[in-house]
Amino acid sequence: MNEDQFEGKWDRMKGKVREHWGRLTDDDVEEVQGKRQNMLAKIQEKYGDTKEAAEEKLAEFERKF
């Protein structure tokens, strides 16, 4: 999913993001503001993942969504 698609689906995805990424707070999810790069940064920060690992986790989530 590219940045524009991610941003376009953000309102529908927020609830699923909160369920799937349990370490992200509501404030974290609001800070993402539909920006895929912001989401990657939050995953890296909260889960201690490398950029590549965070990218893979997010891509897997996107495929499920």
Side-chain angles (χ1 to χ4, degrees):
M1 188 179 302
N2 68 32
E3 188 76 30
D4 290 334
Q5 291 170 323
F6 191 86
E7 191 170 348
K9 294 180 179 182
W10 182 244
D11 285 334
R12 291 181 282 155
M13 287 183 6
K14 277 196 269 191
K16 295 291 183 190
V17 166
R18 288 183 179 114
E19 289 175 21
H20 187 81
W21 306 100
R23 293 184 190 173
L24 296 180
T25 65
D26 288 343
D27 288 341
D28 291 332
V29 173
E30 290 304 317
E31 284 178 34
V32 169
Q33 298 180 350
K35 304 292 184 196
R36 193 171 190 281
Q37 290 302 316
N38 293 355
M39 184 67 184
L40 285 171
K42 287 295 179 186
I43 294 169
Q44 285 180 268
E45 177 186 329
K46 296 293 182 166
Y47 288 85
D49 291 335
T50 64
K51 184 176 182 175
E52 293 79 17
E55 178 67 49
E56 181 57 37
K57 286 181 179 180
L58 185 54
E60 184 178 326
F61 171 77
E62 291 169 338
R63 284 190 292 274
K64 291 178 184 177
F65 186 78

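Any value given below was found using the heavy atoms of this structure, including those in side chains, with hydrogens, waters and symmetry copies removed.
A donor-acceptor pair under 3.5 Å is absent between the side-chain atoms of E60 and the main chain of K57, judged by distance alone.
Atom CG of L58 sits about 10.0 Å away from atom CZ of R63, to the nearest 0.5 Å. To the nearest 0.5 Å, atom CD of residue E56 and atom CD1 of residue I43 are 11.0 Å apart. The line from NE2 of H20 to CZ of F65 is 12.5 Å long, rounded to the nearest 0.5 Å.
Between W21 and Y47, the ring planes are perpendicular. Angles over 60° get that label, and only those under 30° would be called parallel.
In this structure, E30 does not pair ionically with K42, as no charged nitrogen and carboxylate oxygen lie closer than 4.0 Å.
Taking 4.5 Å as the limit, some side-chain heavy atom of R36 sits within range of a side-chain heavy atom of E55.
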Identify every side-chain donor-acceptor pair in residues 6-16 under 3.5 Å, counting partners at least two apart or on other chains, and give the distances.
residue: E7; atom: OE1; partner: K35; partner atom: NZ; Å: 3.2
residue: E7; atom: OE2; partner: K35; partner atom: NZ; Å: 3.3

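The salt bridge (Lys or Arg N to Asp or Glu O under 4.0 Å) test with D28 is passed by exactly one of R23, K46, R18: K46.
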